[in-house]
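One structure below.
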Amino acid sequence: LFLCTGNSARSQMAEALAGALSDGVVEAQSAGSHPKPLHPNAVRVMHERYGLDLAEQRSKHLSVFTHQRFDRVISLCDRVREVCPAFPGQPETIHWSIPDPAAEPGDDEATYPTFQQTAGELETRIRFLVAGLTNRTDLQADDPKEES
């Protein structure tokens, strides 16, 4: 579960990237503490850079997920980290402090480079996350104690 304040850019982008970069192995969700409509630049950068279509995505409040179990809850900003509820099953919590590109002053054209930078940072972090998950899965599959 990826969390940020507005669920309008960072967490939506992270959700899409986690699924795409893991070839669908990772089932990601996203939400925000104060949801706002999806930012057009988030839709644009994901389409232009990765061929991913976020146009049908909708922002969700984190309360939608408070009774669901997740392996990991990743907060993408300090503000949502402060109000993040406890989730069932004690998921691993990770914090990535990534500035909100939607908070940048200026019109969509002026702020687009910030969205590109955010997408690049998320891609890097999520590639490492996915690689770590894959390695753990591979290690468990090769564990001699698992043999029948």
Side-chain angles (χ1 to χ4, degrees), residues 1-104 108-109 111-143 146:
L1 176 64
F2 291 98
L3 300 174
C4 68
T5 305
N7 192 222
S8 66
R10 294 167 291 185
S11 55
Q12 294 275 359
M13 293 162 62
E15 175 185 348
L17 283 169
L21 296 175
S22 70
D23 293 326
V25 172
V26 173
E27 294 180 34
Q29 298 287 335
S30 68
S33 57
H34 295 86
K36 298 177 184 173
L38 193 61
H39 196 287
N41 276 342
V43 174
R44 179 181 168 196
V45 75
M46 296 306 286
H47 177 72
E48 290 180 359
R49 195 168 178 153
Y50 305 103
L52 300 173
D53 184 8
L54 299 187
E56 299 301 315
Q57 292 289 100
R58 299 290 170 249
S59 297
K60 300 162 291 299
H61 191 272
L62 57 85
S63 65
V64 170
F65 298 107
T66 55
H67 298 294
Q68 290 187 26
R69 291 182 180 268
F70 293 95
D71 295 322
R72 284 160 198 80
V73 174
I74 302 174
S75 57
L76 301 175
C77 68
D78 299 334
R79 288 178 60 198
V80 79
R81 182 182 188 193
E82 294 170 2
V83 299
C84 187
F87 288 89
Q90 300 177 327
E92 178 182 358
T93 57
I94 301 169
H95 180 64
W96 298 341
S97 187
I98 298 175
D100 185 1
E104 288 294 310
D108 288 351
E109 275 310 307
T111 62
Y112 186 65
T114 306
F115 280 81
Q116 291 175 309
Q117 180 180 357
T118 300
E121 182 171 351
L122 286 168
E123 178 186 358
T124 299
R125 289 174 182 260
I126 291 168
R127 282 191 185 281
F128 279 111
L129 177 68
V130 168
L133 296 174
T134 303
N135 288 340
R136 286 186 197 168
T137 303
D138 292 347
L139 290 174
Q140 290 171 355
D142 293 338
D143 188 345
E146 296 290 323

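For the atom pair M46 CE and L54 CG, the distance stands at 5.5 Å (nearest 0.5 Å). With rounding to the nearest 0.5 Å, the separation of CG in L122 from OG1 in T118 is 6.5 Å. For the atom pair C4 SG and M13 CE, the distance stands at 10.0 Å (nearest 0.5 Å). To the nearest 0.5 Å, the span separating CD1 on I74 from OG on S11 amounts to 11.5 Å. Rounded to the nearest 0.5 angstrom, W96 CH2 and I126 CD1 are separated by 5.0 Å. For the atom pair R72 CZ and T93 OG1, the distance stands at 11.0 Å (nearest 0.5 Å).
Crowding of D108 atom CG: a count of heavy atoms from other residues, nucleotides or ligands under 6.0 Å exceeding 12. No more than 12 heavy atoms of other residues, nucleotides or ligands sit less than 6.0 Å from atom NE2 of H47.
D100 places none of its side-chain heavy atoms less than 4.5 Å from the side chain of R79. Side-chain contact between V43 and Q57 is absent, with no heavy-atom pair separated by less than 4.5 Å. Residues L17 and R127 fail the side-chain proximity criterion, which asks for heavy atoms closer than 4.5 Å.
Remark: R49 engages V45, Q116, A119, E123 in a side-chain contact (heavy atoms from CB on, under 4.5 Å) (not counting sequence neighbours). Residues passing the ring-ring contact (aromatic ring centres under 6.0 Å, His included) test with F65, sequence neighbours excluded: F70.
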List the atom pairs, with distances to 0.1 Å, where a side-chain N or O of residues 27-40 and a protein N or O form a donor-acceptor pair under 3.5 Å, not counting sequence neighbours.
residue : atom : partner : partner atom : Å
S30     : OG   : N7      : ND2          : 3.0
S30     : OG   : E15     : OE1          : 2.6
H39     : ND1  : N41     : N            : 2.9

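Across every non-hydrogen atom of L21 and V130, the tightest pair is O-CG1, 3.9 Å. Closest heavy-atom contact between A9 and P101: CB-CG, 4.2 Å. In terms of heavy-atom proximity, A14 sits nearest to L76 at CB-CD1, 4.1 Å. Between L3 and C84, the closest heavy-atom pair is CD1-SG, 3.6 Å. Among all heavy-atom pairs drawn from Q68 and F87, the shortest one is O-CD2, 4.0 Å.
Checking side-chain atoms of T66 against main-chain N and O of L62 turns up no donor-acceptor pair under 3.5 Å. Counting only distance, with no hydrogens or angles, the side chain of R10 and the backbone of I98 share a donor-acceptor pair below 3.5 Å.
Y112 carries R44 over the face of its six-membered ring, with the cationic atom under 6.0 Å from the centre and within 45° of the normal.
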